[in-house]
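Step one of this worksheet: look at the structure below.
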Amino acid sequence: MDGVDTPTPELQRMSLGLYDLVHFALMAAGFALFAYFLYTWASRQEVGRRYRPAMHAGLCLAAIATVSYLVLFVKWDSGFTLVDGVYEPNAEARFTGSTRYPDWAVTVPLLTVELLAVCTLAGKRARDLRATAVAAAFLMILTGYVGAQLVADGRDRTALVVWGLVSTAFFVYLYVALTGAVRASLPHMGREAGTSLRNATIVLLASFGVYPLVYAVPVFADVTPAWFATVQVAYSAADVVAKVGFGLLVHKVALLRTAEDVAAGEDTHPEPVWTSNVHHSDGVLPEVRHLRDPDRR
């Protein structure tokens, strides 16, 4: 094993400034995720039933991520003791890194569900792709967790490389599968919806790219307290972009596709559809069927 002599990233002394920076990042990300949860809950009925699985996936991942950041904040707050102007780590500090992986193991698969729910794929093709994408997303996180946390506390360079490559293989599959689904969907939706779907995919896959970059740093350099604080801030920012920024774009796609379905007469929706103060469709109620035989007196 090619080990590293420096302490594990989570068990390093933190200056007052670095400690406060991470403290702020965790609080800000947690508040942003909670606000997104409230927004999605309040606006979930704005989209047609066909696209509500995307809203439900967004609600679930926002709730999980909010709780995760609450745990991270508590562990960060209790994991260090101020001694002579420097924060010394204790046993609780170890969880400031490992707590993220259970969150990602659930929320990253949900992100793939959220995206595919507003694509045009249907039937067996949609079910098969959703199943494989969810499995690949989960395995991407699990294999990364093995290299970053389980083997030699993430300080074995060989394990980091091997498990990082395995995790990257699942990421490559996700990239190919999700971009393929989006490209297949674009010709079957309006221009504005297609642009928003493309933007959502770019945001999601670009934010995914932050994690392997941060993961790879211990392979090439020792992790200092300043870098560990940067990692925490980067992960928090990437989580907000991947969950909140992406989710808002998906919500816009769902709204636009709802308006398209109503305009084409393929579905009904009880309220007008608006995005960015632009009116896209009127409210259309389902046709009322006769409740009794009209010939009966």
Side-chain angles (χ1 to χ4, degrees), residues 1-15 18-19 21-22 25-26 65 68 71-72 75-76 79-80 87-109 111-112 132-179 204-239 241-242:
M1 295 199 311
D2 185 9
V4 182
D5 293 333
T6 55
T8 56
E10 298 88 354
L11 300 179
Q12 300 194 65
R13 303 169 72 200
M14 305 294 293
S15 68
L18 292 177
Y19 179 88
L21 176 64
V22 176
L26 295 176
S68 173
V71 174
L72 279 169
K75 293 300 181 184
W76 186 261
F80 294 86
Y87 279 98
E88 298 283 352
N90 56 45
E92 292 293 313
R94 184 72 175 88
F95 294 98
T96 57
S98 60
T99 301
R100 291 186 180 274
Y101 281 90
D103 167 0
W104 295 338
V106 179
T107 57
V108 173
L111 286 169
T112 67
T132 56
V134 165
F138 175 78
L139 291 171
M140 178 179 71
I141 300 302
L142 178 62
T143 52
Y145 174 66
V146 172
Q149 297 288 328
L150 294 187
V151 179
D153 293 329
R155 309 306 289 154
D156 181 359
R157 285 195 175 101
T158 302
L160 281 168
V161 171
V162 171
W163 287 104
L165 290 174
V166 174
S167 180
T168 300
F170 290 115
F171 170 75
V172 170
Y173 170 79
L174 276 179
Y175 180 90
V176 173
L178 295 180
T179 55
L204 181 64
L205 295 178
S207 61
F208 277 0
V210 173
Y211 304 100
L213 290 176
V214 174
Y215 175 96
V217 168
V219 176
F220 305 102
D222 293 335
V223 177
T224 64
W227 177 251
F228 176 60
T230 303
V231 167
Q232 292 292 330
V233 173
Y235 278 158
S236 300
D239 276 348
V241 172

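All heavy atoms count here, side chains included; hydrogens, waters and symmetry mates do not.
Nearest heavy-atom pair, Arg100 versus Ser236, reported as atom, atom and distance to 0.1 Å: NH2-OG, 3.2 Å. Across every non-hydrogen atom of Tyr87 and Ser15, the tightest pair is CD1-O, 4.3 Å. Heavy-atom minimum distance, Ser167 versus Met140: OG-O, 2.7 Å. Closest of all the heavy-atom pairs between Val108 and Ala137 is CG1-CB, 3.7 Å. For the pair Leu178 and Leu205, the tightest heavy-atom approach, listed with the atom from each and the gap, is CD1-CD2, 4.4 Å. Residue Ser68 comes nearest to Asp103 through the heavy atom pair OG-OD2, 3.1 Å, listed as atom of the first residue, atom of the second, then distance.
Taking 4.5 Å as the limit, every side-chain heavy atom of Leu150 sits out of range of all side-chain heavy atoms of Trp163. The shortest distance between side-chain heavy atoms of Val146 and Val166 does not fall below 4.5 Å.
With rounding to the nearest 0.5 Å, the separation of OG1 in Thr99 from CH2 in Trp104 is 10.5 Å. In this structure, OH on Tyr145 lies 12.5 Å from CD1 on Ile141, to the nearest 0.5 angstrom. To the nearest 0.5 angstrom, Phe208 atom CZ is 14.0 Å from Leu213 atom CG. With values rounded to the nearest 0.5 angstrom, Leu174 atom CG is found 11.5 Å from Thr168 atom OG1. Separating the CD atom in Gln232 from the CG atom in Leu72 is a distance of 7.0 Å, to the nearest 0.5 Å. One distance of note links OG1 of Thr179 with OH of Tyr175; it measures 5.5 Å at 0.5 Å rounding.
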Checking side-chain contact (heavy atoms from CB on, under 4.5 Å) for the pair Leu26/Val22: CA distance, chi angles, key distance, verdict?
CA-CA 6 Å; Leu26 295 176; Val22 176; 4.0 Å; yes

Going through the distances and angles, do Tyr211 and Phe171 end up as a side-chain contact (heavy atoms from CB on, under 4.5 Å)?
CA-CA 11 Å; Tyr211 304 100; Phe171 170 75; over 6 Å; no

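With ring centers used as reference points, Tyr19 lies under 6.0 Å from Trp76.
Every residue two or more places apart in sequence or in another chain that forms a side-chain hydrogen bond (donor to acceptor under 3.5 Å, both in side chains) with Tyr173 is listed here: Thr132.
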